[in-house]
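Side-chain atoms are counted along with the backbone in the values below, which use heavy atoms only and exclude waters and symmetry mates.
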Amino acid sequence: MAEHAGVRRRLGLWVLPAVTLVAVLAGCADMEGLHRDGAAASVSPPEPLWPRSTPAPPGPEQQRGRPFAVPGVARVASGDLRDADPLAVVRADLAATEREDQGTGRLVDRRAAERVANCARAADCGVREPVLRDLTGDGRAELITAVDIDGRASEMRVYHVVDGRVTRVFSRRAVLEGVELAAGHLAIREPTSNDRFVYVSHYGWDGSMMALIELKLDTCRALKRSSGVPCATPSPTPGGAS
C-alpha cells in the first residue's frame, strides 16, 4: 500500500506541472487572441461646421426644378414634340430663361443663350441633335437636347407638352461625361475631382417633372479606359437602388 501511495504521489507531482503548463499556454493563447496592434481608433460624432449659418430659401428666379411653359413657341395640338421645331423651342426657352435669370447665371449660362439667339441651324450654335423619346409613358415623344457652351459644360433640357403648350420639365447645367436612356429613365454621368469615379444621376418622370430618383458614384470610366468596354447604366427600380 505504501508503495502504491508513493507512485500516486510521484504521478501527482508530474501531473500538476503539466496541468499548470496547459493553463499557462491556454492563457497565452487567449491573450494573443485579444491582442491589438497599436492604439484603438477613436470614435467621435460628426462635428458640424457653422451650425448657425443656413441659406435663405430660393426665390422664384432660383428654382430650376419646376415646369416652365416656354413662351413664344407654337402650340402643339398633338402633344407630341415630333411636331415641333427643336431649334425654335430651345431658342425661345433660353431667351426667356435669360430674362428671368436677370443676369445671375443661376438658371442659364448667358453664353448658351447668346449662341442660339441668331443661328439658323442647330449645328452652327452648339445645339445637339434632338432626341425624341417617350419619357412619361403616354405614348407621345418628349424632346431631349443640350446646348454645348464652351467645349466642356453644357445646358441640357427636356421638353414635354402640357395642354398643347411646350413646357420645359428638366434643366441641368453639367459636364456631360455621358447620357443614357433606359426604361424611361435618364442617366447622366458627370466627372468628379477623382479620375477613378463619376457621378451618375438617374431621373424619372414624377407626373410633372423629370425628378432625381438616385445619385451614386461609379467607377465605370476607369473600366472603360482599361477595357475599352462602353459603360452601361442599369435602370434603377422605382423608389430604390438599382
Side-chain angles (χ1 to χ4, degrees), residues 55-76 79-133 135 141-181 186-193 198-201 203 205 208-212 215 221:
E61 77 283 356
Q62 297 172 294
Q63 296 176 9
R64 295 172 63 97
R66 58 190 174 109
F68 178 75
V70 180
V73 178
R75 294 179 67 87
V76 181
D80 193 316
L81 279 164
R82 293 184 182 91
D83 298 329
D85 179 351
L87 180 56
V89 170
V90 173
R91 182 187 292 119
D93 178 22
L94 268 59
T97 306
E98 187 182 22
R99 290 193 299 269
E100 186 181 2
D101 195 28
Q102 299 178 353
T104 65
R106 293 187 181 97
L107 300 179
V108 66
D109 190 302
R110 175 173 292 179
R111 294 170 296 172
E114 291 173 347
R115 290 198 72 180
V116 302
N118 299 308
C119 66
R121 297 189 312 159
D124 297 333
C125 49
V127 179
R128 297 194 183 188
E129 181 179 357
V131 177
L132 294 158
R133 296 288 189 277
L135 299 176
E142 278 65 54
L143 169 62
I144 309 166
T145 189
V147 181
D148 296 325
I149 300 169
D150 55 10
R152 182 165 176 78
S154 303
E155 292 275 2
M156 186 173 168
R157 299 289 188 271
V158 176
Y159 301 96
H160 173 65
V161 179
V162 179
D163 297 329
R165 301 187 67 182
V166 177
T167 303
R168 186 186 68 224
V169 294
F170 177 83
S171 160
R172 180 76 179 267
R173 185 184 309 152
V175 177
L176 300 178
E177 183 86 12
V179 180
E180 300 166 7
L181 180 61
L186 278 174
I188 299 177
R189 297 180 175 274
E190 301 174 70
T192 70
S193 58
V198 292
Y199 289 119
V200 184
S201 306
Y203 294 86
W205 183 248
S208 62
M209 293 285 297
M210 292 297 293
L212 180 67
L215 176 63
R221 181 165 62 175

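- Looking at every heavy atom in both residues, Ile149 comes nearest to Ala112 through CG1-CB, 4.1 Å.
- How far CD1 of Ile188 is from CD of Glu180: 10.5 Å, rounded to the nearest 0.5 Å.
- Between Arg66 and Glu100 there is a salt bridge, since at least one side-chain N of the basic residue sits less than 4.0 Å from a carboxylate O of the acidic one.
- Applying the salt bridge (charged side-chain N to carboxylate O under 4.0 Å, His left out) criterion to Arg99, with sequence neighbours excluded, gives no partner residue.
- With sequence neighbours left out, Glu114 forms a side chain to side chain contact (heavy atoms under 4.5 Å, CB included) with Arg110.
- Residues passing the salt bridge (charged side-chain N to carboxylate O under 4.0 Å, His left out) test with Arg115, sequence neighbours excluded: none.
- Counting only heavy atoms from C-beta outward, the side chains of Leu81 and Val161 approach each other to under 4.5 Å.
- Applying the ring-ring contact (aromatic ring centres under 6.0 Å, His included) rule to pairs touching residues 91-110 yields nothing, sequence neighbours excluded.
- No donor-acceptor contact under 3.5 angstrom links the side chains of Asp101 and Thr97, judged on distance only.
- Closest heavy-atom contact between Arg173 and Gly105: NH2-O, 2.7 Å.
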Exercise for the section: Might you work through the side-chain contact (heavy atoms from CB on, under 4.5 Å) test for Val169 and Phe68, ending with a clear yes or no? Expected result: CA-CA 7 Å; Val169 294; Phe68 178 75; over 6 Å; no

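- Residues Leu215 and Val200 are not in side-chain contact: their nearest non-hydrogen atoms beyond the backbone lie 4.5 Å or more apart.
- Proximity of Cys125 to Asn118: side-chain heavy atoms (C-beta onward) are nowhere separated by under 4.5 Å.
- Nearest heavy-atom pair, Ala120 versus Leu87, reported as atom, atom and distance to 0.1 Å: O-CD2, 3.6 Å.
- Side-chain atoms of Glu155 come within 3.5 Å of backbone N or O of Asp109 as a donor-acceptor pair.
- Ion pairing between Arg172 and Glu190 holds under the 4.0 Å rule for side-chain N and carboxylate O.
- Applying the side chain to side chain contact (heavy atoms under 4.5 Å, CB included) test to Val179 and every residue at least two apart in sequence or in another chain returns Met156, Leu176, Leu186.
- Atoms CE and NE2, on Met210 and His160 in that order, are 11.0 Å from each other to the nearest 0.5 Å.
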Exercise for the section: Kindly determine whether Leu135 and Leu181 satisfy side-chain contact (heavy atoms from CB on, under 4.5 Å), including the steps that lead there. Expected result: CA-CA 9 Å; Leu135 299 176; Leu181 180 61; 3.4 Å; yes

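- Ala92 approaches Pro71 most closely through the heavy-atom pair CB-O, 3.5 Å.
- Under a 3.5 Å cut-off, the side chain of Thr145 and the backbone N or O of Arg128 do form a donor-acceptor pair.
- Counting heavy atoms from C-beta outward, Tyr159 and Thr167 have side chains that stay 4.5 Å or more apart.
- Under the side chain to side chain contact (heavy atoms under 4.5 Å, CB included) criterion, Arg75 pairs with Arg165, sequence neighbours left out.
- Partners of Asp124 by salt bridge (charged side-chain N to carboxylate O under 4.0 Å, His left out), not counting sequence neighbours, listed by chain and number: Arg121.
- Considering Leu94, Val76, Val166 as possible partners of Val89, the one that fulfils the side-chain contact (heavy atoms from CB on, under 4.5 Å) test is Val166.
- Put simply, CG on Leu132 and CD1 on Ile144 are 8.0 Å apart, with the number rounded to the nearest 0.5 Å.
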Handout entry: Test side-chain contact (heavy atoms from CB on, under 4.5 Å) applied to Val90 and Asp93, step by step
Key = CA-CA 5 Å; Val90 173; Asp93 178 22; 5.7 Å; no

Exercise for the section: Would you please test Arg157 and Val108 for side-chain contact (heavy atoms from CB on, under 4.5 Å) and show each step? Expected result: CA-CA 11 Å; Arg157 299 289 188 271; Val108 66; 3.7 Å; yes

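- Listed by chain and residue number, Phe170 satisfy the ring-ring contact (aromatic ring centres under 6.0 Å, His included) test with Tyr203 (two or more places apart in sequence, or in another chain).
- Partners of Ser154 according to the side-chain hydrogen bond (donor to acceptor under 3.5 Å, both in side chains) rule, which considers only residues two or more places apart in sequence or in another chain, are Asp148.
- Residues passing the salt bridge (charged side-chain N to carboxylate O under 4.0 Å, His left out) test with Asp150 are Arg111, sequence neighbours excluded.
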Exercise for the section: Evaluate the criterion salt bridge (Lys or Arg N to Asp or Glu O under 4.0 Å) for residue pair Glu142 and Arg168; output intermediate values, then yes/no. Expected result: CA-CA 10 Å; Glu142 278 65 54; Arg168 186 186 68 224; over 6 Å; no

